[in-house]
Amino acid sequence: MAYWLFKSEPSTWSWEMQKKKGDAGQQWDGVRNYQARNNMRAMKIGDLGFFYHSNEGLEVVGIVEVCALAHRDTTTDDERWECVDVRAVRDMPKPVTMKDIKANPKLKEMVLVNNSRLSVQPVTKEEWIEVCRMGGLDPAQ
DNA sequence: GCCAACGTTGGC
DNA sequence: GCCAACGTTGGC
């Protein structure tokens, strides 16, 4: 299983809105960047991702699960753009902020730190475990 | 609201 | 195919 990070501006698509979609989930539309799209194409059902609030909040607020493989983004006629569906799995008991992540030497290689503009990013298993631990989740889960 | 970093576009 | 110009993103 692979791990990812999805970024969204809460004013556009917030964690609260995501949770309201429940187990049905929601397509992660609007991505117009090849790298981010390629990351979504590589996703498999059951992969987990952090849900990160950009611009406001600047923190990992929850965990989502990929529940549909990459398919056409229905918000555009352009065939180039695809997206997966994700559903909310759980809240972070304690949101992990950008500041916390930058302050942790174990996370200095995170894409979030080094390429903050990429909206869908891969996360290593080690990074996943560390961020979960910081957020008050049992890393074994 | 500013601006650095990055991606894309388009003229040559 | 290069690269300058432009637009967008997102942390601060």
Side-chain angles (χ1 to χ4, degrees), chain A residues 1-139 141:
Chain A
M1 169 165 68
Y3 300 99
W4 310 93
L5 183 145
F6 296 86
K7 263 191 326 197
S8 183
E9 296 186 37
S11 59
T12 306
W13 183 253
S14 71
W15 178 235
E16 292 305 314
M17 293 160 86
Q18 179 70 51
K19 282 198 288 187
K20 281 199 184 114
K21 288 283 176 178
D23 286 342
Q26 167 72 21
Q27 68 172 358
W28 197 262
D29 55 36
V31 170
R32 302 291 182 264
N33 172 284
Y34 293 110
Q35 227 182 320
R37 183 207 60 188
N38 291 344
N39 286 335
M40 288 198 284
R41 280 182 172 172
M43 292 179 190
K44 298 193 170 65
I45 304 288
D47 278 0
L48 296 175
F50 290 127
F51 192 109
Y52 176 82
H53 276 165
S54 63
N55 282 316
E56 301 164 48
L58 310 184
E59 56 193 9
V60 174
V61 289
I63 289 175
V64 292
E65 177 185 13
V66 175
C67 60
L69 296 174
H71 55 81
R72 277 286 305 280
D73 182 336
T74 60
T75 62
T76 175
D77 289 333
D78 194 327
E79 297 186 345
R80 292 176 298 170
W81 305 122
E82 300 175 9
C83 60
V84 296
D85 289 9
V86 297
R87 65 167 169 242
V89 175
R90 66 185 306 169
D91 293 305
M92 292 305 269
K94 177 178 166 296
V96 180
T97 66
M98 169 69 85
K99 208 175 145 193
D100 294 337
I101 288 168
K102 281 192 166 170
N104 188 333
K106 285 185 192 166
L107 301 175
K108 68 178 193 308
E109 302 293 329
M110 266 189 90
V111 180
L112 190 67
V113 176
N114 295 309
N115 183 6
S116 62
R117 291 192 51 195
L118 185 60
S119 62
V120 179
Q121 316 175 350
V123 172
T124 68
K125 189 173 186 187
E126 291 72 26
E127 290 161 354
W128 181 268
I129 289 170
E130 183 64 11
V131 173
C132 283
R133 193 189 59 73
M134 291 164 76
L137 285 176
D138 180 357
Q141 289 180 14

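The model shown is predicted, which means the values in this text are computed figures rather than measured ones. Protein chains get the first letters and strands the later ones, always in sequence-line order, with residue 1 at the start of each.
Using a 30° and 60° split on the angle between ring planes, A:Phe51 and A:Trp15 fall in the tilted class, from 30° to 60°.
In this structure, of C:dG11, C:dG10, B:dG7, it is C:dG10 that holds the atom nearest to the side chain of A:Ser119. Picking from C:dG11, C:dG10, B:dG7 the nucleotide with the shortest atom distance to the side chain of A:Lys7 gives C:dG10. Counting only heavy atoms from C-beta on, A:Ser116 has its side chain closest to C:dG11 among C:dG11, B:dG7, C:dT8.
Contact check, A:Tyr52 against C:dT9: no side-chain N or O comes under 4.0 Å of OP1 or OP2.
Computed from coordinates, the A:Asn115 CG to C:dG11 P distance equals 11 Å when rounded to whole Å. In this structure, A:Asn55 atom CG and B:dC3 atom C1' are separated by 14 Å, rounded to whole Å. Whole-Å rounding puts the A:Arg117 CZ to B:dC6 C1' distance at 4 Å. C:dC12 atom P lies 15 Å from atom CD of A:Glu56, rounded to whole Å. Put simply, NZ on A:Lys99 is 15 Å from P on C:dG11, counting in whole angstrom units. Atom NE2 of A:His53 and atom C1' of C:dG11 are 16 Å apart (whole Å). In this structure, A:Arg80 atom CZ and B:dG7 atom C1' are separated by 12 Å, rounded to whole Å. Straight-line distance from the CD1 atom of A:Ile101 to the P atom of C:dC12: 11 Å, rounded to whole Å.
Under the side-chain contact (heavy atoms from CB on, under 4.5 Å) criterion, A:Ala36 pairs with A:Val31, A:Asn33, A:Leu118, A:Ser119, A:Val120, sequence neighbours left out.
In this structure, A:Lys102 reaches the sugar-phosphate backbone alone: every heavy-atom distance under 4.0 Å involves primed, P, OP1 or OP2 atoms, never a base.
The shortest heavy-atom contact between A:Met43 and A:Val84 is SD-CG2, 3.8 Å.
With A:Asp73 as the fixed residue, the side-chain contact (heavy atoms from CB on, under 4.5 Å) test singles out one of A:Glu79, A:Glu82, A:Arg32: A:Arg32.
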